[in-house]
Amino acid sequence: MSAFYPLEYFSVLRRRKWVFIAVFTVLAISAAIYAKNWSAYTSSATVEVAMPEIEINTLNAGDSIIATGEAIADLQIGRLRQKVLSTNSLAEIIAHLDLYADARKSTPITYIADNMRNNISLNLVSTTLANSASANKASAQQLSAIAFVISFKYSDPVLAQKTVNELVSRFLNEDIKERRETAEKTSLFLQGQIDSLSKSLEEQESKIAEFRSKNGFTQSDSLNFNQQGSINTASRLMNIDTEITSNIGRIGALEAQLIQTDPHLQVVGDDGDIINTPASQYRILETQYASLTAKYGPDHPDVIKTKRELEALRSSNKGSYRNKADNPAYLQLLTQIQSAKKQQQALIKQKELLQIQQEEFQKAIADNPEAEKTMASLSRDYDNMMMLYRDLKAKKLSSDINQNIEEGHVGRRLAVIDPAKIPLSTNPPRKMLFAGGLIFAFVSALSSVIALQILSQSVIGPHHLQSLVHVAPFVRVPHLKKTNKSGLNEFEKTLDKHLVIAHQTRSKEADAFRFLRTQILQKMEKENCRTLAISSPRYSDGKTTIATNLAVSIAQDLKQTALIVDLDLRNPSITDFFGLGAHPGLTEYISETASVKDCLVRPPFERISLFPAGAPIDQSSETLGSPEMKKLAEELKERYNDRLIIYDLPPLLQQDDPLVFLPHVDAFILVVREGKTTTDEIKRSLEILESANVLGIVLNEG
């Protein structure tokens, strides 16, 4: 449907009221019985996480990783719940309190414990640890104390209370046990970590000491010393090089003087002449040889001669002229040359030492980054170990304090703030349970009606019908009921029995037929139609009732007369509606045992005539399609041209009679029954009437 119309759906409820009443009654009675026998009592206790009796925030060195120093959160309570509500624990409670005595006779206690767990509920109260952001506050001790409510449902209120008390006791005991074990294990763990870290610190200190002993000259703090030493050594090397160069020049100068100085003193003869000594002769020849060699070359006769004389003089004197020098000046020069040479050797030795020292300085400077890196790594590891060591020592101290707090029962702990009480009423209360059952019964009954309507796919109301055929129905005929009034004559009783009410005044049902009459007469006059066929998809749709009341309503108009022809040859009923009994009709006319005049009958109404179907026959479609039927239709139309002829046809979907007779009528009206005729039946009926002049549809509320 394109729109929702509550009144139309309300009519569905009215039509199917007995279904609604039946379903509602059965479920309501069941709910009453169930509520009366309901025996489930719930006892509850509230347990809070009590704040510590001493302020432990000042005792914690930093963010504690110790669970006993943190606020109890939902995860911690969950761990306790796993222990307290374990199968073994619940089995102990069941045996101790003698719970589920009947069930234990045939069912293992482990299965009973599993079922018991379903009757236990644990709800956290005022916890802020339900999200990850709040969890960060736990280590900073920013959480207020939280609580949880534990409940148990059982058929006996006293046992329900005892069970809750037993569960609470187990929670408290498990909490204390877990805290003490956690504190002890934490302390032992931290001590083990401290001992292990102490050994690591000793090993790291040994590595640093060994590195310093092996690389003392290249330590990071010796870089400035090495750089300054390298600069000073380089300066000293430059000075020594200068001294060595100067000393070489001095030695050369002294050796030049030595060559020019006679090792011997000059000898003067008695006559006053200088006597040439071998030494002086040798020196003169050396001078000549050097001059000639430079002037002529080694192969010149004079050079060869002078060389021969030098060799002869050298061999004869065997150098004694030098070894036996007695000239003081010569000897002094020799001493100076020897001293300069010794000084030269000392300078060279000193230079070699400075070069070695410079190489050491340079190597130390080059090795300094790697040594500094290694030393930094060793120092960093040592510092990190020291930080961790100090942190562990602080945590160990905090752990010891927390352990003392737990031993003294002054730390954060569970405490009962609302003990379990004996429940005085069931949970839920019987009245509430019965009220819920009534609501369920009402909803179920209503759902049953709606489900039946959906499954039936029947027409709900005029708007629904209009959405299907895209044309509004002529009228919605109200539900017709027998009046059973007293003082009625036999004819009026017959009319009341067959729901013929169109002649009544001040009746909304009769007004509906008057409204239908007016619309049909206007349309037939506009289209110049004088014959009208009425049918429906099926027998139970009320087509004959609509046809009869329409004819009576037309007869009430002083300007109109009506003739009703009963073409339902298998189930004739028009004469029964007027209490006329059996009468010759269409079958007798077709068999030529009666004329038209013999077949026509007048009821006690003015301006209305009946043409009965006559005796029932099975070959109805063959009769309606016969030439005699065609002749009768033409004769009625010509002879009674002042009357509106209404043909009451069989159902469209149950017989083919209407399809056979359709060519003999001017117009057609389809009757559908609200809540009975389905949408598919309407669609198929309109397909059959595709070639007919369908004036419209009448919706019969039934």
Side-chain angles (χ1 to χ4, degrees), residues 211-266 277-295 297-298 306-307 310-311 313-314 317-372 375:
F211 180 81
R212 288 182 181 276
S213 63
K214 291 182 179 181
N215 303 276
F217 198 59
T218 57
Q219 294 180 19
S220 59
D221 53 358
S222 302
L223 177 62
N224 293 333
F225 172 79
N226 292 331
Q227 291 177 340
Q228 187 62 40
S230 176
I231 294 173
N232 294 337
T233 303
S235 176
R236 291 177 61 187
L237 283 173
M238 292 178 63
N239 293 335
I240 288 176
D241 286 339
T242 301
E243 290 181 9
I244 290 175
T245 303
S246 175
N247 199 41
I248 291 174
R250 180 185 174 195
I251 292 174
L254 290 174
E255 287 181 346
Q257 291 181 13
L258 183 65
I259 293 173
Q260 295 177 2
T261 302
D262 190 354
H264 302 279
L265 294 176
Q266 293 181 356
T277 62
S280 60
Q281 292 177 2
Y282 185 83
R283 186 169 57 254
I284 292 171
L285 288 175
E286 278 185 339
T287 302
Q288 291 178 354
Y289 179 78
S291 176
L292 291 172
T293 302
K295 183 177 180 179
T306 303
K307 181 178 180 182
L310 279 172
E311 291 177 351
L313 184 62
R314 188 183 299 120
N317 290 282
K318 298 180 181 179
S320 60
Y321 58 89
R322 288 191 178 275
N323 295 332
K324 297 179 181 181
D326 54 3
N327 188 352
Y330 183 85
L331 294 175
Q332 184 178 5
L333 288 174
L334 283 176
T335 302
Q336 289 179 351
I337 289 173
Q338 292 176 355
S339 176
K341 288 183 177 180
K342 290 181 179 181
Q343 185 179 2
Q344 183 73 356
Q345 292 177 354
L347 289 174
I348 292 173
K349 185 66 175 178
Q350 186 176 2
K351 179 179 179 180
E352 291 176 352
L353 293 176
L354 287 176
Q355 285 178 340
I356 294 173
Q357 187 176 10
Q358 179 70 350
E359 290 177 357
E360 291 179 353
F361 280 128
Q362 292 295 330
K363 184 177 184 301
I365 293 173
D367 293 344
N368 187 266
E370 185 65 27
E372 185 175 357
M375 189 63 187

Inter-residue atom distance Q343.CD - I244.CD1, 0.5 Å rounding: 10.0 Å

Approximate separation, where rounding is to 0.5 Å, of Q350 CD and I240 CD1: 3.5 Å

Rounded distance [0.5 Å steps], CD1 in I231 versus CD in Q358: 9.5 Å

Straight-line distance of T242 OG1 to L237 CG, nearest 0.5 Å: 10.5 Å

Point-to-point distance, once rounded to the nearest 0.5 Å, from CG of N247 to CG of L347: 6.0 Å

Distance (rounded to the nearest 0.5 Å) between E243 CD and Q344 CD: 10.0 Å

S339 vs T335 side-chain heavy atoms within contact, under 4.5 Å: no

Validation row: T233, R236 side chains within 4.5 angstrom (heavy atoms): no

